[in-house]
Structures are given as structure tokens and as C-alpha cells.
Amino acid sequence: MDFNPQQDTIAISVPAFRVRRGTDGLARYTEPYLVSLAIDESGIANPEPVLYLNSLYFPKVAKWTWVNFGGQGRLIYGPKNPGSFVSYSVLFMENDNDVRKLGETVEKVIKSTEAQALLGTLSAANPTYQVASLVLTQLTALVAGMLKQNEDDELARFEGTFFRDFNPPYNIGDSFTHENDFVTCPVKVIPLPLQEVKEELIAVNFPGAAPRMV
């Protein structure tokens with residue numbers, strides 16, 4: 001495959017996941033939901049950093065049952081050319097009391113004073129991937145904390161970073177599996193050379209901008 005990391009795009013997806021057990025050990029089913037965040041070099045190069053958000057709820061998931069997505073899976077980033085790096089974070093929670101407000105709650109957290117202060121650190125000159133990754137970790141913790149206020153339980157929190165100047169770039173074609181006592185979650189990097197593709201995730205500009213579809 002002829003992949004040009006300077007111009008070709010990638011996508012990062014969760015092809016499937018499995019809830020090994022819920023926080024209630026006696027219940028047969030769990031009610032998990034997934035929240036993902038991602039940021040790349042091109043996103044922090046903007047005067048207003050761009051963060052990629054994704055959330056989805058899964059009712060009545062039997063323990064140890066794989067939840068499989070169609071095609072290449074549930075996108076948590078892209079398709080896009082990230083620049084020199086892209087970092088992602090995946091959060092699994094359980095027992096949302098009002099799933100209709102899940103996306104609204106996540107956006108509220110990301111637009112909060114605390115989140116904007118964190119994102120403001122990315123406006124410094126030439127922020128490094130270490131800074132971007134740390135900000136993403138702290139933003140995920142803010143989201144988890146807000147959702148826990150709804151008496152939801154955190155099942156898992158996973159993260160990772162892929163680099164352009166690596167062999168292969170961005171670990172294209174590779175799959176990784178995150179796992180803890182509650183969740184098994186593979187993550188896949190999909191190369192998309194010489195294709196014009198439209199982004200499928202919501203990009204939110206900061207500070208104070210409304211969500212937009214790129």
C-alpha cells in the first residue's frame with residue numbers, strides 16, 4: 001500500500017467492545033455508553049483548538065457479549081490527516097439515567113470554564129504532543145466526573161497516541177486491545193490513501209463556538 005503520511009488520511013475506530021461485567025455483579029445486563037475524545041496537531045495549530053467528540057448509548061448489553069459495529073467500526077477520529085500526531089481517549093460509563101441528554105451533557109462539560117481553561121493551554125506557542133495528551137486526559141476526567149454526578153459508574157478509561165514519524169506512520173493497519181476488569185475494547189487504525197472522504201465526527205471549536213460538521 002502506497003501511503004503518504006504528509007497528505008493521506010487515517011481513521012481511528014472501535015470495531016467492537018465487550019462488557020466483561022457491570023458494577024452490579026448480580027445483574028444480567030449492563031447499560032453502557034461510550035464517550036470518545038480526540039485531538040491532533042492540526043487541531044491545536046488553530047487559534048481555537050478543535051476537539052473531536054463522539055458518544056453512543058447501548059441498552060441491555062448482556063455480560064461477556066461482544067457489541068460489534070458494522071463496516072470499519074465506530075469512528076473515534078477522522079477521516080483526516082492528523083499532522084505529526086493524534087491522541088485519543090475512550091471512556092465507558094454505565095447506567096445513564098437520561099440518555100437523551102448524553103450528548104448535551106458532554107458538550108456542556110467541554111464548553112465549561114474548567115474545560116476552556118485546559119484548552120487554553122493549547123493556544124501557547126508550539127504546544128507539544130505531551131501537552132495535548134495531558135489536556136485530553138484531564139478533559140476526559142472532567143467528563144467522567146460530571147457524568148458520575150448523575151449517579152453513573154465509570155467502567156473504563158483508555159487512551160493512546162499515534163505518530164506520523166513512525167514506522168509504519170500512525171501505526172496504520174495495526175490493532176490494539178485495551179482491557180480492564182470491566183471492558184475489553186479493541187482500537188484500529190485505518191489508512192485511507194488517496195481518497196477524498198468527509199469527516200463523520202463532530203468538531204467543536206473553542207472557545208464558545210457551536211458544533212459544526214466539517
Side-chain angles (χ1 to χ4, degrees), residues 12 14 17-25 27 29-40 43-44 48-59 61 63 67 74-77 86-124 127-161 176 178-185 187 201-211:
I12 303 172
V14 173
F17 73 89
R18 177 178 63 181
V19 177
R20 297 160 60 89
R21 66 183 179 92
T23 54
D24 182 354
Y29 295 101
T30 63
E31 301 279 331
Y33 56 97
L34 176 157
V35 179
S36 68
L37 302 91
I39 196 164
D40 61 14
I44 64 175
E48 297 179 350
V50 178
L51 183 71
Y52 295 86
L53 309 175
N54 195 355
S55 61
L56 191 62
Y57 169 69
F58 307 88
V61 175
K63 295 176 184 178
V67 176
R74 182 75 178 180
L75 292 186
I76 60 175
Y77 173 80
V86 54
S87 295
Y88 71 89
S89 178
V90 180
L91 173 69
F92 284 90
M93 302 288 292
E94 184 183 30
N95 295 330
D96 184 27
N97 292 314
D98 191 350
V99 296
R100 295 171 299 177
K101 295 184 178 180
L102 174 59
E104 178 183 324
T105 300
V106 173
E107 282 191 29
K108 181 180 178 181
V109 176
I110 296 302
K111 292 180 180 179
S112 68
T113 301
E114 295 90 341
Q116 290 193 33
L118 287 171
L119 287 162
T121 63
L122 299 178
S123 300
T128 64
Y129 78 87
Q130 292 99 328
V131 172
S133 180
L134 177 60
V135 167
L136 202 63
T137 298
Q138 294 173 330
L139 286 173
T140 305
L142 277 177
V143 173
M146 175 66 76
L147 294 172
K148 286 178 183 177
Q149 292 180 15
N150 296 333
E151 299 184 355
D152 295 349
D153 298 311
E154 182 175 338
L155 295 177
R157 196 187 308 182
F158 307 122
E159 60 185 38
T161 300
F176 305 87
H178 299 291
E179 187 171 79
N180 68 359
D181 287 345
F182 296 97
V183 175
T184 302
C185 176
V187 171
L201 300 184
I202 296 175
V204 181
N205 279 6
F206 295 92

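None of the values given here were measured: they were computed from a predicted structure.
With hydrogens and angles disregarded, no donor-acceptor distance shorter than 3.5 Å links the side chain of D153 to the backbone of K148.
For F158 and Y88, the ring centers are positioned 6.0 Å apart or more.
Counting all heavy atoms, side chain and backbone alike, S89 lies closest to L136 at N-CD2, 3.8 Å. E154 and A144 make their closest contact through OE1-CB, 3.7 Å (heavy atoms, listed as atom of the first residue, atom of the second, distance). Taking all atoms of both residues into account, the shortest heavy-atom contact from L147 to D152 is O-CB, 3.4 Å. The two atoms that bring I44 and A132 nearest to each other are CD1-CB, 4.4 Å, heavy atoms only. Here the closest non-hydrogen pair linking L37 and T140 is CD1-OG1, 3.7 Å.
The cationic atom of R21 (NZ for Lys, CZ for Arg) lies less than 6.0 Å from the six-membered ring centre of F182 and within 45° of the ring axis.
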Evaluate the side chain to side chain contact (heavy atoms under 4.5 Å, CB included) criterion for residues V109 and L139: first the C-alpha distance (whole Å), next the side-chain angles of each, then the deciding distance (0.1 Å), finally the verdict.
CA-CA 8 Å; V109 176; L139 286 173; over 6 Å; no
Show the numbers, then the answer: is there a side chain to side chain contact (heavy atoms under 4.5 Å, CB included) between V35 and N54?
CA-CA 6 Å; V35 179; N54 195 355; over 6 Å; no
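Residues T30 and E94 bring no donor and acceptor atom of their side chains to less than 3.5 Å of each other. Using modelled atom types and a 3.5 Å distance limit, the side chains of E159 and T137 yield a donor-acceptor pair. In this structure, a donor-acceptor pair under 3.5 Å is absent between the side chains of D40 and Y52.
By the 4.5 Å heavy-atom criterion applied to side chains, V86 and T161 are not counted as neighbours. The closest side-chain heavy-atom distance from R18 to V183 is not below 4.5 Å. At least one side-chain heavy atom of V14 sits less than 4.5 Å from a side-chain heavy atom of C185. Within the 4.5 Å cutoff, the side chain of R20 has heavy atoms near those of the T184 side chain. Side-chain contact between L118 and L142: present, with at least one pair of heavy atoms (C-beta onward) separated by less than 4.5 Å. In this structure the side chain of I39 never reaches within 4.5 angstrom of the side chain of V50, judged on heavy atoms. Using a 4.5 Å heavy-atom threshold, the side chains of L56 and R74 count as touching. Residues I12 and L75 have side chains not in contact (no heavy-atom distance under 4.5 Å, counting atoms from C-beta outward).
Taking CG from L155 and CZ from F17, the interatomic distance works out to 9.5 Å, rounded to the nearest 0.5 Å. From S87, atom OG reaches atom CD of Q130 across 9.5 Å, with rounding to the nearest 0.5 Å. Taking CD of Q138 as the reference point, atom OG of S133 lies at 10.0 Å (rounded to 0.5 Å).
Aromatic ring pairs are classed by plane angle as parallel below 30°, tilted from 30° to 60° and perpendicular above 60°; the pair Y33 and Y57 is tilted.
Listed by chain and number, the residues in a salt bridge (Lys or Arg N to Asp or Glu O under 4.0 Å) with E114 amount to none (sequence neighbours excluded).
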